[in-house]
Amino acid sequence: MTQEQKFEYLLRLGDNALILGQRLGEWCGHGPALEEDIALTNISLDLIGQARSILTYAGELEGKGRDEDKLAFFRDAHDFRNVLLVEQPNGHFGDTIARQFLYDHFAWLLFNELMQSSDEQVAAIAAKSIKEVTYHRRHSSEWIIRLGDGTEESHAKIQQSINDLWMYTGELYTPDALDEAAHAAGIAPDLTKLADYWHENVHGVLKQATLDIPEDGWMQKGGKQGIHSEHLGFMLAEMQHIPRAYPDAQW
Amino acid sequence: MTTTDEAHILELLTEVKDPEIPVLNVVDMGIVRKVESEGDKLIVTITPTYSGCPAMDVISANIRTVMRKHFGEQVEVKTVLHPPWTTDWLTDDAREKLREYGIAPPEKGSPDKSLLFGEKAPVACPKCGSENTKMVSEFGSTSCKAHYKCNECLEPFDYFKCI
Ligand SMILES: [Zn+2]
C-alpha cells in the first residue's frame with residue numbers, strides 16, 4: 001500500500017468521526033430532554049476527539065504540513081472521504097438515533113479489528129476509541145429498543161427512520177479497491193467479514209425492538225470516493241466559515 | 001535520571017490539577033506515563049483520558065508551566081495513546097478524594113466490551129453510601145462522568161464511569 005493510499009484510508013476513518021461528530025454537535029441546546037442534549041454532545045465530543053487523533057496522524061503521514069485543523073477546515077466536500085450515512089441531516093430525534101445506531105454497530109466492529117492493525121498508531125487509536133464506541137453503541141441500541149417497543153407513534157417513527165437510512169448502510173461494509181489494499185497490507189480488516197457480524201448484531205437489536213428488518217435492496221454509495229450528497233456542502237459551509245474567514249486566527 | 005529525580009518530579013507534578021475535577025492531580029489520575037531526560041531536555045509523557053477531553057490541552061499547558069518554573073525552558077510534554085488510559089490507573093487515594101468531593105469513584109476492573117448491554121454493578125451513593133441508586137443517564141457534565149441519583153437520600157450525583 002502506498003503512502004497516498006494509506007493517507008486516503010485514514011481520511012475515511014477520520015472523516016466519518018468528524019462529520020458525525022459535527023452533526024451531533026448541531027443538537028447542542030436542542031435535545032429533546034436535558035439528559036439527551038448532554039448525551040448527544042458528549043458523543044459528539046468523543047467523535048471529534050477520535051477524528052483529531054486520526055487526522056493528525058494522516059497529516060503527519062502525508063508530510064505536506066497539514067495538521068488536523070487544516071484537514072478539517074480547508075478541504076472542500078469532494079476531498080472528504082466519509083460515508084454518506086454520517087452526513088445525513090439530523091431530522092428528528094429518532095432519525096439521529098437510527099443513524100447513530102447503524103454507524104455505532106459498524107464502528108464498534110471496525111475498531112475491534114483495527115486494534116490488531118499492523119500500523120501501531122492505527123491500533124493505538126482504535127484501542128482508545130473502542131472504549132468510547134462501546135458506550136455509544138449501548139446508548140443508541142437502548143434507544144432503538146425503547147422507541148421501537150414504545151408507543152404506536154414512536155414505533156412507527158423509528159421504523160421509518162431505519163427504513164429511510166437503510167440504503168446508506170451498504171457502503172459501510174462493502175469494500176472497494178482501497179479497502180482491499182488496506183486489508184492486504186494488514187492495516188484494516190476484511191470488510192466482507194464484518195458485514196455478517198454487522199447484520200447479525202443490528203438484526204438482533206431490531207428484533208428486540210419489535211421492528212421490521214429492511215431488505216438489503218439498492219444501496220447508495222460514493223462517500224468513500226468523495227462523491228457526496230448535497231447535505232455535506234451546507235454542513236461544511238457552517239463548520240468551516242470561521243477558520244476560512246480568519247485563517248490565521250489563534251485561540 | 002535517577003529514581004530520586006523521578007520521584008521529585010512526580011511530586012512537583014502533583015501541583016497540576018484536573019481543571020474539571022480540581023481535587024485530582026495528574027499523578028493521582030494516572031495520566032503521567034513517564035518522565036525522562038534527553039540531554040538537557042526534560043520530557044513528560046502523558047496519555048489522554050478520553051479522546052475528546054477538552055481538559056487535556058489545559059493539562060499539558062499547566063504541566064509545561066510547572067516544569068519550566070523548576071527546570072527552565074527545556075521541557076517537552078508528549079502525548080501517547082498506547083496503552084489506552086483506564087480508570088484502573090486512578091490511585092486508591094484518588095478514589096477516596098473523588099468520593100469526598102461527591103463523585104462516586106469507578107468500580108475496579110475494565111468492563112467487558114463485548115457485551116452490548118452489560119450487567120451494571122451497583123454504584124454506591126457518595127453522600128450516604130447506599131447502593132440503592134439509579135442511573136439517570138450514561139452521560140454527565142463531562143466525558144468521564146455518568147449521571148446518577150440516590151433513592152435513599154434522594155441526592156443526584158456524578159459517577160466517574162469505568163473505562
Ligand atoms: Zn444517598
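Note that the structure is a prediction, hence the values are computed from the model and not measured. Per chain, numbering begins at 1; letters A, B, ... match sequence-line order.
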B:F139 side chain near A:T41 side chain, heavy-atom distance below 4.5 Å: no

Considering all heavy atoms, the nearest B:S143-A:L45 contact: OG-CD2, 3.6 Å

CA sep, side-chain torsions, deciding dist, call: B:F117, A:Q208, side chain to side chain contact (heavy atoms under 4.5 Å, CB included): CA-CA 12 Å; B:F117 305 116; A:Q208 210 181 328; 4.1 Å; yes

Side-chain heavy-atom pair A:K131, B:Y50 within 4.5 angstrom cut-off: no

Residue A:I48 versus chain B: region with a heavy atom under 4.5 Å: neither

Over 12 non-hydrogen atoms of neighbours within 6.0 angstrom of NZ in B:K127: yes

Side-chain heavy atoms of A:N201 within contact of B:L116, under 4.5 Å: no

Residue part contacting chain B, namely of A:I125, when any heavy atom lies under 4.5 Å: both

Separation of B:T142 OG1 from A:N42 CG (nearest 0.5 Å): 7.5 Å

Side chain, backbone, both or neither of A:V205 within contact of chain B (heavy atoms, under 4.5 Å): side chain

Reported CD-to-CD distance for the pair A:E35 and B:E138, which is rounded to 0.5 angstrom: 13.5 Å

Which portion of A:S141 sits near chain B, non-hydrogen atoms under 4.5 angstrom: both

Separation of A:Q50 CD from B:S51 OG (nearest 0.5 Å): 5.0 Å

A:F73 CZ: over 12 foreign heavy atoms closer than 6.0 Å: yes

Which atoms of A:E142 approach chain B - backbone, side chain, both or neither, heavy atom under 4.5 Å: both

Shortest non-hydrogen contact from B:L81 toward A:K128: CD2-CD, 4.3 Å

More than 12 heavy atoms of other groups within 6.0 Å of B:K149 NZ: no

Contacting moiety of A:I130, where chain B heavy atoms sit under 4.5 Å: both

Contacting moiety of A:E132, where chain B heavy atoms sit under 4.5 Å: side chain

B:S137 side chain reached by A:I38 side chain, heavy atoms, under 4.5 Å: no

Interchain contact, A:R138 with chain B, by part (heavy-atom threshold 4.5 Å): both

Toward chain B, the part of A:I145 with a non-hydrogen atom under 4.5 Å: side chain

NE2/A:H241: more than 12 non-hydrogen atoms of other groups inside 6.0 Å: no

Exceeds 12 heavy-atom contacts within 6.0 angstrom, atom CZ of A:R52: no

Within 6.0 angstrom of B:H70 NE2, more than 12 heavy atoms from elsewhere: yes

Interchain contact, B:T47 with chain A, by part (heavy-atom threshold 4.5 Å): neither

